[in-house]
Peer 1: 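This is the structure I have questions about; it appears just below.
What's counted below: heavy atoms across the whole structure, side chains too, no hydrogens, waters or symmetry copies.
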Amino acid sequence: MPEQPGDSAARTQRLPLLPAHNTARSALTCRYRCADACSHEAPNRSLNPYFGDIARQALSRRGALKTGAVLTLAAAAGTTALTEAAATPHPGGGHLPRGLQFEPVPPNAADAVTVPPGYAQQVVIRWGDPILSGAPRFDAHRQTARNQARQFGYNCDYMALLDLPHRHRHQLLVVNHEYTNEEIMFFGYDPANPTREQVETAWAAHGLSIVVVHGDDGSGRLWPVPGDVLNRRVTATTPIRLTGPAAGSDLLKTSADPTGRTVLGTLNNCGGGVTPWGTVLSGEENFNQYFANAAAITDPTAKQRLARYGLPTGTSQRKWERFDDRFDIGKEPNEPNRHGWIVEIDPYDPHFTPRKRTALGRFKHEAAEPRLTDDGRVALYMGDDERFDYLYKYVSTNRYKKGNSRSAREHNLRLLDEGTLYVAKFTGDSPAAEIDGTGRLPEDGVFDGSGGWIPLASGTKSFVPGMTAEEVYVYTRLAADKAGATKMDRPEDVEPHPHNGRLYVALTNNSDRGKAGKAGPDEANPRTGNKHGHILELDEHHSDAGATSFRWRLMLVCGDPADPSTYFAGYDKSEVSPISCPDNIAFDEHGNLWLATDGNALGSNDGLFVVPVKGPHRGHVKQFLTVPKSAETCGPIITEERVLVAAQHPGEADGSTADKPASAWPDGPGNIPRPSVVTVWAEKHRA
């Protein structure tokens, strides 16, 4: 196993506004992905300050907004590779930086992956494609749980591409599978009466897929290698170890696991990260939707805890509780506590038992991005993807040990069990009166401020009055409430810049901002009804990941560039692509930020965008691709050779079923849609 397998593969429009039920997503997506979370009261009802209330000042000390009247999607002269060294003259003067030398893709609603001229694409792997030895070819009419457990899972999300240094042109692709949508997976599906086979097939479609892929020397193409010894599936029934300070707690014990140390399965795996020692981290996000009957719990404290995590009081959407008691809270009240963690897996060892790391806290994990502190410890950044929830950091007690020896491996595999868990508190620099909800800049010309990391727990020590350390880890949201953390607008992916360590945080949206009884606009959330989201930059003190203080600013306030409430780091808005609802983020080797969107509220398909974060083109957002209709752009990986994206839930439109699909991507007419991984490359690289 290489020392740092992920190093060479760094993870790297305007249309009329759509009327929607409560978000830009279809009702079908909201129902199956997060159990209509946005249609319910936000679980956070604490009175601590909202992140939006303190963030109103950060849009631009560098200069006022440049208000372009009409968005121009004029192409830069010439289409070149992502890593082309030659500078391209820019229509507005100057030269386009490396990584932006392509003709931007215009907003569209095509049922296809749309890429710039001069680029080619290929579907790498689809839902149901064989992975393990003996797996059959996918047959939508004859899918079974046994088949699915050996095939690529559903709704691909976060991805990691790792080196296999002793196998020429081969790499390991690790992919999360967030959730299932049974209505468009199964012909004749009855949501009120699913069959056991359908339920168990859905269990097998969750989790992760690990598959060896190989490419050629002339393009960015990739092909899976079915049956490879390293290939693996992790599903909703795979045994997983609980580790860290809460493992064995009474809060984690069930009738099936009286030790509180072994969980069956991982659910709703969304964002993730790659550790310096070569393991992959996978965050469990909307796990609450799989459980039922929280109303059976009468103890007031237990009811409060369940409500803070959004556990359903009645039946679940998928009715899994009919087939396994662990999904019935009335029968197994602690089972929900065993989900909502970060899972660590060693993709180089097919016999490795995955581990849920309790020291990292329990919430709706959307990211798990590591960075080393100045003294060699590991810091991990995590977002809790919920309206008005929080940004977290973990710092290990011990230092990362370099090398591939057994002792180094065993040492590093303990780093995420022993450390301190923090939550972020933000303070704005501008008077609250200067934030009026329109997105207008405060008098100092920038939305920015300072902040700090509040410690919640370290090992067996709790820093939260009235809560034990075990309670802090299992009920982290409640601990953060008590600590006075800053409420944010759906913090999702968090990515450290590869060169300077500055953090970039995707805040996807929060249409509740400013509603009656809700927090109003603030310095970090300068608009009421924040349906397009924004990007925040965070500089830790002395750029040290071990620091407990930071400065922050807003880099992008997303939406239609013609809307005066938007902001693109001061860049000329007549030259940028419209962008809405940033979610997953990554960097290329040049330090450009790549943004994948989820729920575009401007009427176009979701897409992948790139923006420089420094230099004269800072804020120059360009759209690189769009995914098929009703799909979400996930898991971008940006390398010198290719761009990889996961096209999640294509065709997940209202009224869509397997019998009447809303999309035929990727297999064409007469086929049901299949979530897939796609590779894109500059055609000049072809042999």
Peer 1: What pairs with T313 under side chain to side chain contact (heavy atoms under 4.5 Å, CB included), at least two apart in sequence or on another chain?
Peer 2: A295

Peer 1: Any chance the rings of Y290 and H206 have centres within less than 6.0 Å?
Peer 2: yes

Peer 1: With the threshold set at 4.0 Å, does a side-chain nitrogen-carboxylate oxygen contact exist between R318 and E182?
Peer 2: yes

Peer 1: Any salt bridge between D436 and R440, counting N to O under 4.0 Å?
Peer 2: yes

Peer 1: Does Y475 have any ring-ring contact (aromatic ring centres under 6.0 Å, His included) partners at least two apart in sequence or in another chain, and if so, which?
Peer 2: none

Peer 1: Is any side-chain N of the basic residue among R477 and D389 closer than 4.0 Å to the acidic one's carboxylate O?
Peer 2: yes

Peer 1: Decide, yes or no, whether a salt bridge links R371 with E540 under the criterion of side-chain N to carboxylate O below 4.0 Å.
Peer 2: yes

Peer 1: How about L100 and N592: do any of their side-chain heavy atoms sit closer than 4.5 Å?
Peer 2: yes

Peer 1: Can you name the ring-ring contact (aromatic ring centres under 6.0 Å, His included) partners of F363, sequence neighbours left out?
Peer 2: H365, Y392

Peer 1: Sequence neighbours left out, what passes ring-ring contact (aromatic ring centres under 6.0 Å, His included) with W665? Give chain and number order.
Peer 2: none

Peer 1: Any non-hydrogen side-chain atom of T566 less than 4.5 Å from a side-chain atom of R527?
Peer 2: yes

Peer 1: With ring centroids as reference points, do W453 and F550 lie under 6.0 angstrom apart?
Peer 2: yes

Peer 1: So, E537 and K614, do they make that salt bridge, N to O below 4.0 Å?
Peer 2: no

Peer 1: Less than 4.0 angstrom from a charged side-chain N to a carboxylate O is my criterion; do D539 and R502 meet it?
Peer 2: yes

Peer 1: Ring pair (Phe, Tyr, Trp, His ring centres under 6.0 Å) with Y504: which of Y381, F587, W594?
Peer 2: F587

Peer 1: Any side-chain heavy-atom pair from Q623 and I579 closer than 4.5 angstrom?
Peer 2: no

Peer 1: With sequence neighbours left out, what residues match H339 under ring-ring contact (aromatic ring centres under 6.0 Å, His included)?
Peer 2: F291

Peer 1: Is the closest basic N to carboxylate O distance between D385 and K364 below 4.0 Å?
Peer 2: no

Peer 1: Output all residues satisfying side-chain hydrogen bond (donor to acceptor under 3.5 Å, both in side chains) with T315, sequence neighbours left out; order by chain, then residue number.
Peer 2: none

Peer 1: Flag the pair E369 / L380 as yes when at least one side-chain heavy-atom distance between them is below 4.5 Å, and no otherwise.
Peer 2: no

Peer 1: Do you see a donor-acceptor pair shorter than 3.5 Å between the side chains of D157 and N176?
Peer 2: no

